[in-house]
Amino acid sequence: LANPDNLTFDPKGRIWIATDGAPDFGTADGIWAAEVRGNKRALTRHFFKCPAGAEICGPTFTPDGETLFCSIQHPAQDGGSSFANPTTRWPDFDENMPPRPSVVAITRDGGGSIA
């Protein structure tokens, strides 16, 4: 976990941390989660990894905790990437489409709380 940038709490009170600049420390940007009470307090888990060259921001839960919304900013903005040859074509992965920022809704297969 490096360069925390945005924070949110899920309906159960756990902290969720979005990073910006973690690749400078050898890891991908993404979302990390941690308990805030008990014997697992502050033990982080990497929940979501960003596309190459991107950062994640604005994590927000629905009140029932079944959906986590977040924004992916500037995918493919990393070393060696160019418009003609990006390091990712996220979110479409179509050779005819450039990478684009997007809002993502994360849910659990089959429904229910994602955390």
Side-chain angles (χ1 to χ4, degrees):
L1 171 63
N3 291 349
D5 192 35
N6 301 165
L7 304 172
T8 194
F9 291 89
D10 67 21
K12 296 178 181 175
R14 292 172 289 208
I15 191 168
W16 294 71
I17 306 159
T19 63
D20 176 15
D24 294 344
F25 297 92
T27 189
D29 278 320
I31 296 179
W32 299 74
E35 299 288 338
V36 295
R37 294 181 196 91
N39 62 352
K40 292 186 179 180
R41 187 178 98 189
L43 179 63
T44 57
R45 324 175 259 141
H46 197 189
F47 176 77
F48 180 82
K49 179 182 172 185
C50 282
E55 73 170 281
I56 196 160
C57 64
T60 304
F61 281 92
T62 54
D64 61 8
E66 292 190 9
T67 305
L68 172 61
F69 291 97
C70 55
S71 295
I72 304 299
Q73 294 182 324
H74 55 75
Q77 186 178 337
D78 51 350
S81 188
S82 68
F83 186 81
N85 190 23
T87 54
T88 185
R89 292 203 181 265
W90 194 88
D92 296 303
F93 301 101
D94 180 338
E95 287 188 28
N96 298 312
M97 296 292 294
R100 298 185 327 269
S102 303
V103 174
V104 176
I106 301 171
T107 60
R108 182 183 202 124
D109 283 344
S113 177
I114 64 168

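Numbers for residues simply follow the sequence, beginning at 1.
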*Asks:* For a quick test of reading the model, state the closest non-hydrogen atom pair linking Pro86 to Phe83 and the distance between them.
*Replies:* CD-O, 3.6 Å
*Asks:* Do the non-hydrogen side-chain atoms of Ser102 and Trp90 ever get within less than 4.5 Å of each other?
*Replies:* yes
*Asks:* Quick check: closest heavy atoms across Ala105 and Thr67, and the distance to 0.1 Å?
*Replies:* CB-CG2, 3.9 Å
*Asks:* If you look at every heavy atom in Gln73 and Pro101, which pair is closest and at what distance?
*Replies:* CA-CB, 4.3 Å
*Asks:* Grab the two heavy atoms, one from Pro63 and one from Pro11, that are nearest each other, plus how far apart they are.
*Replies:* O-CG, 3.3 Å
*Asks:* Could you go through the side-chain contact (heavy atoms from CB on, under 4.5 Å) check for Thr60 and Leu68 one step at a time?
*Replies:* CA-CA 6 Å; Thr60 304; Leu68 172 61; 5.7 Å; no
*Asks:* What pair of heavy atoms forms the shortest contact from Arg100 to Pro91, and how long is it?
*Replies:* O-CD, 3.6 Å
*Asks:* So, applying side chain to side chain contact (heavy atoms under 4.5 Å, CB included) with Ser71, which one of Val103, Ile56, Asn6, Val104 is it?
*Replies:* Val103
*Asks:* Which pair of non-hydrogen atoms, one from Pro75 and one from Pro51, has the smallest distance, and what is that distance?
*Replies:* CB-CB, 4.5 Å
*Asks:* Sequence neighbours excluded, which residues qualify as ring pair (Phe, Tyr, Trp, His ring centres under 6.0 Å) partners of Phe47?
*Replies:* Trp16
*Asks:* If we count only N and O atoms by modelled type, under 3.5 Å, do the side chains of Asp29 and Thr19 hold a donor and an acceptor together?
*Replies:* yes
*Asks:* Rounded to the nearest 0.5 Å, what's the gap from CZ on Arg14 to CZ on Phe61? Could you check?
*Replies:* 7.5 Å
*Asks:* Begin with the C-alpha distance, continue with both residues' side-chain angles, and end with the deciding distance and a verdict on side-chain contact (heavy atoms from CB on, under 4.5 Å) for Phe69 and Thr8.
*Replies:* CA-CA 11 Å; Phe69 291 97; Thr8 194; over 6 Å; no
*Asks:* Could you tell me whether the side chain of Ile31 reaches within less than 4.5 Å of the side chain of Ile17, counting heavy atoms only?
*Replies:* no
*Asks:* Taking a hydrophobic cluster as the set of Ile, Leu, Val, Met, Phe, Trp and Tyr residues connected by side-chain heavy atoms closer than 4.5 Å, whether directly or through intermediates, do Leu1 and Val36 fall within one such cluster?
*Replies:* yes
*Asks:* Counting N and O atoms only, with roles assigned by atom type, does the side chain of Asp92 sit under 3.5 Å from a partner on the main chain of Asp94, one being a donor and the other an acceptor?
*Replies:* no
*Asks:* Side-chain contact, heavy-atom cut-off 4.5 Å: Glu55 with His74?
*Replies:* yes
*Asks:* Output the distance between atom SG (Cys57) and atom CG (Asp20), rounded to the nearest 0.5 Å.
*Replies:* 8.5 Å
*Asks:* I would like to know whether Ile106 and Cys70 meet side-chain contact (heavy atoms from CB on, under 4.5 Å); could you show each step before the answer?
*Replies:* CA-CA 8 Å; Ile106 301 171; Cys70 55; 4.2 Å; yes
*Asks:* Measure the shortest side-chain to side-chain distance between Thr88 and Phe93 over non-hydrogen atoms and say whether it is less than 4.5 angstrom.
*Replies:* yes
*Asks:* Starting at CG of Asp10, measure out to OG1 of Thr62 and round the result to the nearest 0.5 Å.
*Replies:* 10.5 Å
*Asks:* Do Trp32 and Leu7 belong to the same hydrophobic cluster, where Ile, Leu, Val, Met, Phe, Trp and Tyr are linked whenever their side-chain heavy atoms lie under 4.5 Å apart, directly or via other members?
*Replies:* yes
*Asks:* When you check the gap from the basic side-chain N to the acidic O, do Arg41 and Glu35 get nearer than 4.0 Å?
*Replies:* no
*Asks:* Is the side chain of Ser81 donor-acceptor paired with the backbone N or O of Ala76 at a distance under 3.5 Å, no angle test?
*Replies:* yes
